[in-house]
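Naming: A, B, ... by sequence-line order, numbering from 1 per chain. Quick caveat: nothing in here was measured; it's all calculated off a predicted structure. Scope of the values below: all heavy atoms of this structure, side chains included, with no hydrogens, waters or symmetry mates.
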There are 2 protein chains.
Amino acid sequence: MKDSQLVTSKLRQIKNTLSSYLTKILPNYQITPITMYTLEFLRKNPDAMAVDLADEFGLTRGAVTQILDKLEQQHLVLRKPHPTSRRSIQIELTEKGTTLVDAILDDYHHEIEKLFTNYSEEELAILKQLLDKLPV
Amino acid sequence: MKDSQLVTSKLRQIKNTLSSYLTKILPNYQITPITMYTLEFLRKNPDAMAVDLADEFGLTRGAVTQILDKLEQQHLVLRKPHPTSRRSIQIELTEKGTTLVDAILDDYHHEIEKLFTNYSEEELAILKQLLDKLPV
DNA sequence: GTTATATTGTTTAGTTAATTAACAGTTTAA
DNA sequence: TTAAACTGTTAATTAACTAAACAATATAAC
């Protein structure tokens, strides 16, 4: 079997492992994957509009409205008037939302980093270089 | 930033890329991710019982019943009497099901393998070795 | 400038995929 | 022999999404 096939298979396994980590972590925070992703996207894109979220996740605008409703009920985000466009809204992460998403990402990333405990510094550096060649 | 963090971030990107590939491919085959995974699992585990599918995917037995109902309607699997246990069923991939899952995996894997077109044989070999160290 | 078109977010009704809980039949353990 | 556990199904319910219509606003065409 070719190395490209073996690496492909390994990447699929990694994908499953990461998914299972998230599935394990999120219930501790009473949050679903899509609301977590929403918070993370807003953390990285503070100026994002609702339609950007819809595009990012391949959802309808109606679905995003409902996700924001839930996040607002949990006081994790706040809808505010948009500073420049009156047909849009400004979606603000609350302090509670910011703290939450940071804690979740911390947990999640630490769990993933445990996968590398038996790697040397040099191996990690090479792995990083090789993965950086991926057009993702 | 430490390499373990950078690699972690890259693995998350890879996970998203793989997910989007699947999302793009599956509609061509009129199938959902969970039914695709079910077919793939049955392909690799011909003796699997319904309860094994539930365990594998973290679903209830009732959910698996419904997934199998759909797959049976599409003539992709067949429920047969189990050879040794009368309270269980034997889930058989039909020829149509086998052909379908093979075609999907072919598509999917080829799409992933395109990510490595700018890798040398040597780089791929090293990447494979390094990923094999992962406990996944 | 006015008008037509497109964009943004919301609402409502309906669909889909899942859960929960009860059940029947079968197997295993006491 | 009886009790407990296991396997799969069913029916009712819940949660997350879509589709389609809508109101308000912004952009483009002329």
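- Closest to the A:Arg86 side chain, of the nucleotides D:dC17, C:dT10, D:dT25, is D:dT25.
- Put simply, CZ on A:Arg87 is 13 Å from C1' on D:dA23, counting in whole angstrom units.
- A straight line from CD1 of B:Ile67 to C1' of D:dT9 spans 14 Å, rounded to a whole angstrom.
- OP1 or OP2 of D:dG8 has at least one side-chain nitrogen or oxygen of B:Ser88 nearer than 4.0 Å.
- Across D:dA16, C:dT10, D:dT25, the shortest atom-to-atom separation from the side chain of A:Thr32 is found for D:dA16.
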Does the pair A:Asp107 and A:Tyr21 meet the rule for a side chain to side chain donor-acceptor pair (under 3.5 Å), with working shown? CA-CA 10 Å; A:Asp107 258 26; A:Tyr21 285 175; over 6 Å; no
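- With rounding to whole Å, A:Ile89 atom CD1 is found 17 Å from D:dA26 atom C1'.
- As a whole-Å value, the separation of B:Asp69 CG from D:dT9 P is 7 Å.
- Regarding A:Leu68, its CG atom lies at a distance of 14 Å from the C1' atom of D:dA16, rounded to whole Å.
- Between B:Thr8 and A:His110 there is no side-chain heavy-atom pair separated by less than 4.5 Å.
- Candidate nucleotides C:dA18, C:dT8, D:dT9 were compared by shortest atom distance to the side chain of B:Thr65, and D:dT9 ranks first.
- Closest to the side chain of A:Ala63, from the set D:dT18, C:dT10, D:dT7, is D:dT18.
- For the pair B:Lys70/B:Leu76, no side-chain contact is recorded, criterion being any heavy-atom separation below 4.5 Å from C-beta on.
- Note: CD1 (B:Ile34) to C1' (D:dA16) measures 16 Å, nearest angstrom.
- D:dT9 atom C1' lies 14 Å from atom NZ of B:Lys70, rounded to whole Å.
- If you check the side chains of B:Arg12 and A:His109, you find a donor sitting under 3.5 Å from an acceptor.
- Atom CD of B:Gln66 and atom P of C:dA17 are 9 Å apart (whole Å).
- A residue-by-residue look at A:Ser85 and A:Thr60 shows that A:Thr60 has its nearest nucleotide of DNA chain D further toward the 5' end.
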